[in-house]
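Contents: one structure, followed by commentary.
A note on names: the letters A, B, ... follow the listed sequences, proteins ahead of strands, and every chain is numbered from 1. Keep in mind that the numbers below use all heavy atoms, side chains included, and drop hydrogens, waters and symmetry copies. Fair warning: this is a prediction, and the values are worked out from it, not measured in the lab.
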Protein chains: 2
Amino acid sequence: MAEHLLRCDSCSVRHRAVCGALARDEVARLSAIAHHKLLPPGQVILHDNAEMHYFANIVSGVVKLTKTLADGRQQIVGLQFASDFLGRPFRANSPYHAETVTDVHLCTYDKGQFERLVKEIDGFEHRLFQNTLDELDSAREWMLLLGRKSAGEKVASFLLMVARRMESIGCKVSDDPERPRFNLPLSRAEIADFLGLTIETVSRQISRMKVDKIIALEGTRTISILDMRRLMAAMEQERD
Amino acid sequence: MAEHLLRCDSCSVRHRAVCGALARDEVARLSAIAHHKLLPPGQVILHDNAEMHYFANIVSGVVKLTKTLADGRQQIVGLQFASDFLGRPFRANSPYHAETVTDVHLCTYDKGQFERLVKEIDGFEHRLFQNTLDELDSAREWMLLLGRKSAGEKVASFLLMVARRMESIGCKVSDDPERPRFNLPLSRAEIADFLGLTIETVSRQISRMKVDKIIALEGTRTISILDMRRLMAAMEQERD
DNA sequence: CAAGGCATTTGAGCCGGATCAAGGTGAATA
DNA sequence: TATTCACCTTGATCCGGCTCAAATGCCTTG
């Protein structure tokens, strides 16, 4: 398997960012049990329902969680970026398939050691809990999108979500907050699986936005948002 | 407002079922701070983003969580049955609209008192956390349904989900495990909002299943599953 | 630079589910 | 019993997004 195992000895700063809100000595305790892995794109991290023997923080890169029907139809049910957790505390297995989308830098912990730390460090489980509530909120927002939005609204919502996410982890290419520019981490096929559409429909919607001068493309992955106002209007807002 | 407030003095048994896995004295502490409310169908429990000043367990009945777009398109993003929790621990507000679907018997707790108890009772927060992980799992299963299943598969999945849920809370009408019979808690319009379909499509799919002798209807709300095997086949299974 | 291979775009036609429009049904009220 | 009203069913038509097919663009390798 093409993955490197590195001892994690001096990445406190990184852990600080990743785990957030932990005291300095607690971060040190996490670092002590951490290993680092560098994974290429398309690497399976977790097969459906397989036992997960470790936890991880994403240090950089993007991971997708997918579910698949017997005949192959697939839906992405979660996208994890830098600083997100992978794995389910105190659960043996996970009903998803997890796979790297880009190069991914993981900081992993042995499951048993991690769970012991969670119990020992006051407020750590509370923090993981709040994290999970956030994931639940975004899953439900996604349900609204999947069930009720048109193709154009879906793609607009997706672009804005990625823009916001890339911004928050400092991966945007340009600096102008009114005209964000960034690399799409997903292929058209992955965007389709994310939005419950086909590749062709995604492509057509993106082309139309290009014609309408709402966005601009360089190559196929680098997107500039030219008109934030119209892009947000295309998304269709949630009621207050 | 047509709701009754009752002092909750001797409902330990019910709490035991509802909160699960709590010791007898801990259940007693919960009972001490609980009040009961009886709500009719169609009662709003929580407006979008409004502050929630209490927690609750559902003792009986069904509650729906919805999200709505500016133009009125609506999606049900959660269905809560007896023994489910309502409210978000340690969060001021909730980005959903919550509303009773049937007559609902709630057992409510003042937010502050409840959160104090959660901190004091060892393992209580852990339990709530595990609960939330389960909700996240079912939200993601629902994303697969919304994004990738056909109308027929959606309706079949829905009927099976309700059958399972009614069974587990002891609300089924018949006893034959091979031929469950139960009352649908949702109207056609609500089923449509649940599945990301229109009323008409839901109605047509149900009619077709009736013609195909997969189910039988008495009136409009009471359903018997005649052929469990074919209903499960119609659902399209998830890949292992 | 050419050749190959994959991802993306674009086009044509079709179909599943939405929309629009009547009817039907059943419980509540008079 | 008749009336009403909300909910549900059924039919006819339409259209957004899917399917199938081909062309184009882009990166990799020789």
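- As rounded to whole Å, 18 Å separates atom P of D:dG16 from atom CD of A:E200.
- Extent of DNA chain C lying under 4.0 Å from chain B heavy atoms, first and last nucleotide in 5' to 3' order, is C:dG17 to C:dC20.
- B:L197 comes within 4.0 angstrom of the backbone, heavy atoms only, and of no base.
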If you look only at distance, which donor and acceptor atoms sit under 3.5 Å apart when one is on a side chain in residues 69-77 of chain B and the other is two or more places apart or in another chain?
unit_1: B:D71; atom_1: OD1; unit_2: B:R73; atom_2: N; d: 3.2
unit_1: B:D71; atom_1: OD1; unit_2: B:R73; atom_2: NE; d: 3.2
unit_1: B:D71; atom_1: OD2; unit_2: B:R73; atom_2: NE; d: 3.0
unit_1: B:D71; atom_1: OD2; unit_2: B:R73; atom_2: NH2; d: 3.0
unit_1: B:R73; atom_1: NH1; unit_2: A:R148; atom_2: O; d: 2.9
unit_1: B:R73; atom_1: NH1; unit_2: A:E153; atom_2: OE1; d: 2.9
unit_1: B:R73; atom_1: NH2; unit_2: A:E153; atom_2: OE1; d: 3.4
unit_1: B:R73; atom_1: NH2; unit_2: A:E153; atom_2: OE2; d: 2.9
unit_1: B:Q74; atom_1: NE2; unit_2: B:T68; atom_2: OG1; d: 3.2
unit_1: B:Q75; atom_1: NE2; unit_2: B:D193; atom_2: O; d: 3.0
unit_1: B:Q75; atom_1: NE2; unit_2: B:F194; atom_2: O; d: 3.0

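- Legend: salt bridge (charged side-chain N to carboxylate O under 4.0 Å, His left out) pairs involving residues 219-229 of chain B, not counting sequence neighbours, sorted by first then second residue: B:D227-B:R230.
- Contacts of A:T198 classified as side chain to side chain contact (heavy atoms under 4.5 Å, CB included), with partners at least two apart in sequence or in another chain: A:E200, A:T201.
- Judged by distance alone, the side chain of B:T102 and the main-chain N or O of B:P185 form no donor-acceptor pair under 3.5 Å.
- Residues satisfying the ring-ring contact (aromatic ring centres under 6.0 Å, His included) criterion with B:H47, sequence neighbours excluded, are B:H97.
- D:dG17 atom C1' lies 13 Å from atom CG of A:L195, rounded to whole Å.
- Taking the nucleotide of DNA chain C with the nearest heavy atom to each of A:R188 and A:R148, the more 5' of the two is matched to A:R188.
- Using a distance-only test at 3.5 Å, with no hydrogens or angles considered, a donor-acceptor pair links the side chain of A:T100 to the main chain of A:G42.
- With sequence neighbours excluded, the residues that form a side chain to side chain contact (heavy atoms under 4.5 Å, CB included) with B:P95 are A:D137, B:N49, B:K67, B:R88.
- Computed from coordinates, the A:R73 CZ to D:dC18 P distance equals 12 Å when rounded to whole Å.
- Sorted pairs that involve residues 200-222 of chain B and meet ring-ring contact (aromatic ring centres under 6.0 Å, His included), not counting sequence neighbours, are lacking altogether.
- One finds no side-chain N or O of A:T198 lying less than 4.0 angstrom from the OP1 or OP2 phosphate oxygen of D:dG17.
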Could you list, one pair per line, each protein nitrogen or oxygen that sits under 3.5 Å from a nitrogen or oxygen of nucleotides 12-15 of chain D, together with the distance?
unit_1: D:dA12; atom_1: N6; unit_2: B:R204; atom_2: NH2; d: 3.4

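- We find that CE of B:M209 is positioned 13 Å from P of D:dT9, with the value rounded to whole Å.
- Residue A:G152 is classed as having no contact, given no heavy-atom separation below 4.0 Å to the nucleic acid.
- Across the protein-nucleic acid pair, B:L217 atom CG and D:dT10 atom C1' stand 15 Å apart, rounded to whole Å.
- To the nearest angstrom, P of D:dG17 lies 7 Å from CD of A:Q205.
- Among residue pairs with one or both ends in residues 195-229 of chain B, none qualify as ring-ring contact (aromatic ring centres under 6.0 Å, His included); sequence neighbours excluded.
- Taking a 6.0 Å sphere around CZ of A:R208, one finds it holds 12 or fewer heavy atoms contributed by other residues, nucleotides or ligands.
- Note on the helix from C:dC1-D:dG30 to C:dA30-D:dT1: angle between the axes of the first and last five pairs equals 30°, rounded to 10 degrees.
- A:E51 is linked by a side chain to side chain contact (heavy atoms under 4.5 Å, CB included) to nothing, counting only residues two or more places apart in sequence or in another chain.
- In this structure A:A98 satisfies the side chain to side chain contact (heavy atoms under 4.5 Å, CB included) test together with A:I45, A:L46, A:V63, A:L65, sequence neighbours excluded.
- Whole-Å rounding puts the B:E190 CD to D:dC7 P distance at 9 Å.
- Where A:K149 and A:T220 meet DNA chain D, the nucleotide closest to each residue was compared, and A:K149 sits on the side nearer the 5' end.
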